[in-house]
Amino acid sequence: MKDNDSAIAPVGIAVSTPDAGDPGTAKTAAAKGPDTPKAAATTAGTPKATTAPGTHVGRGMLLAALGVAAFSLTFPATAWGLEGMGPWTVVMLRSVLATVPAGAALLALRVRPPERRHWAGIAVVAGGVVLGFPLLTTLALETSTTSHAAVVVGLLPLTTAACSAVRTGARPSRTFWIASLVGAVVVIGFAVQQSGGVPNRSDLLLFAALLVCAAGYTEGGRLARHMPGWQVIGWALVLALPVTVAGAALALSAEPLELTVRSVAGVLWLAVGSQFLGMVAWYRGMAVIGISRASQLQLAQPLLTLLWSVLLLGERLPPAAPAAALAVLVCIAVTQRTRG
């Protein structure tokens, strides 16, 4: 069967199976004798209850939404980190620190390394969401405001859906694509308005970040159907550890360092909230409801980031924000009612 981007399998008719904890089942199976066909023996137990598909979808939506909420604080936290550290220091430290809880969990639970066939995908996750996206966006934020960066990165749902369609063979409906494109147009309108109609260096960095992040999201969502989401990001962090440790050592020796409350808090949130816990919830949510559908929840991320930019950084909210918020929320509603 061709792999697609939905992790929800069709619900079939429940088939009774013997339950080791059910004495009646055990006795029935024993009475059949060793020569009794397995299929006949398994009909003796009580059918197990199955979870309704709607419950899975609701849980997947909640997990993906929690991931988006965590990601919406990434740019403000990065801006805080840049107040006392250089961009390379911020990026490398966040990854090294995120590896601590991830690696500790892998060791404590004695998780076996993934199968060989999964390592290529994990490498894409490491290159996209552990190294590529954080580095490109952090460099962009040296000269860009968080609100401007937020609306440019708002194109991520569309790029993720497109990457998913190419990678997994998914075929979202025409309505899905139309709503996604409308949301993208709204985001582009924000970006053009804020940059004066001329893309600058930070915009180019952000557009490059979109591509590598979409690839990392797609591979992570696919892998999360074979292993828990926290293991996907955990092994990606471990795989990138030699690069991030060496990079952190070089950056700390070359860039200025001023440990303030805001810079430390920013890097800690990037490590624990954005890089680890947010990715755990996000990948699990994508595994449940599908990569394309989950990616559309990120249409709300720029608007949340705009809010945090005002509350945490004192930036002025663009005048068109309320209208854009309404348009984006309509797009989300449409995409969630279509079959991703």
Quick check: closest heavy atoms across L141 and A149, and the distance to 0.1 Å? CD2-CB, 3.8 Å

Going through the checks in order, is the side chain to side chain contact (heavy atoms under 4.5 Å, CB included) test met by L223 and I122? CA-CA 8 Å; L223 289 169; I122 292 174; 3.8 Å; yes

Verify, without hydrogens or angle tests, whether E255 (side chain) and T89 (backbone) share a donor-acceptor contact under 3.5 angstrom. yes

Do S95 and T244 pair up side chain to side chain, a donor and an acceptor below 3.5 Å, judged on atom types alone? no

Is any side-chain heavy atom of L210 less than 4.5 Å from a side-chain heavy atom of F207? yes

Minimum heavy-atom distance between Y283 and G220, given as atom pair plus value: CE2-CA, 3.3 Å

Within the 4.5 Å heavy-atom criterion, are V129 and I233 side-chain neighbours or not? yes

Take T78 and L82, measure what side chain to side chain contact (heavy atoms under 4.5 Å, CB included) needs, and give me the verdict at the end. CA-CA 6 Å; T78 301; L82 288 173; 4.2 Å; yes

Polar contact flag, side-chain donor to acceptor under 3.5 angstrom, S263-E83: no

What one should report as the nearest heavy-atom pair of P76 and L312 is CB-CD1, 4.2 Å

Within a 6.0 Å radius of atom CH2 on W230, are there more than 12 heavy atoms belonging to other residues, nucleotides or ligands? yes

Among side-chain atoms of S147 and T145, is any donor-acceptor pair under 3.5 angstrom? yes

According to a 4.5 Å side-chain heavy-atom criterion applied to Ile, Leu, Val, Met, Phe, Trp and Tyr, with indirect links allowed, do L109 and M279 form part of one hydrophobic cluster? yes

Residues W282, Y217; criterion ring pair (Phe, Tyr, Trp, His ring centres under 6.0 Å); working and verdict: CA-CA 9 Å; W282 177 243; Y217 279 177; 5.4 Å; yes

W177, CH2: over 12 other non-hydrogen atoms inside 6.0 angstrom: yes

Shortest non-hydrogen contact between I289 and A64, atoms and distance: CD1-CB, 4.5 Å

What residue among V272, L270, L268 forms side-chain contact (heavy atoms from CB on, under 4.5 Å) with L97? L268

E315 versus T146, side-chain donor and acceptor atoms under 3.5 Å: yes

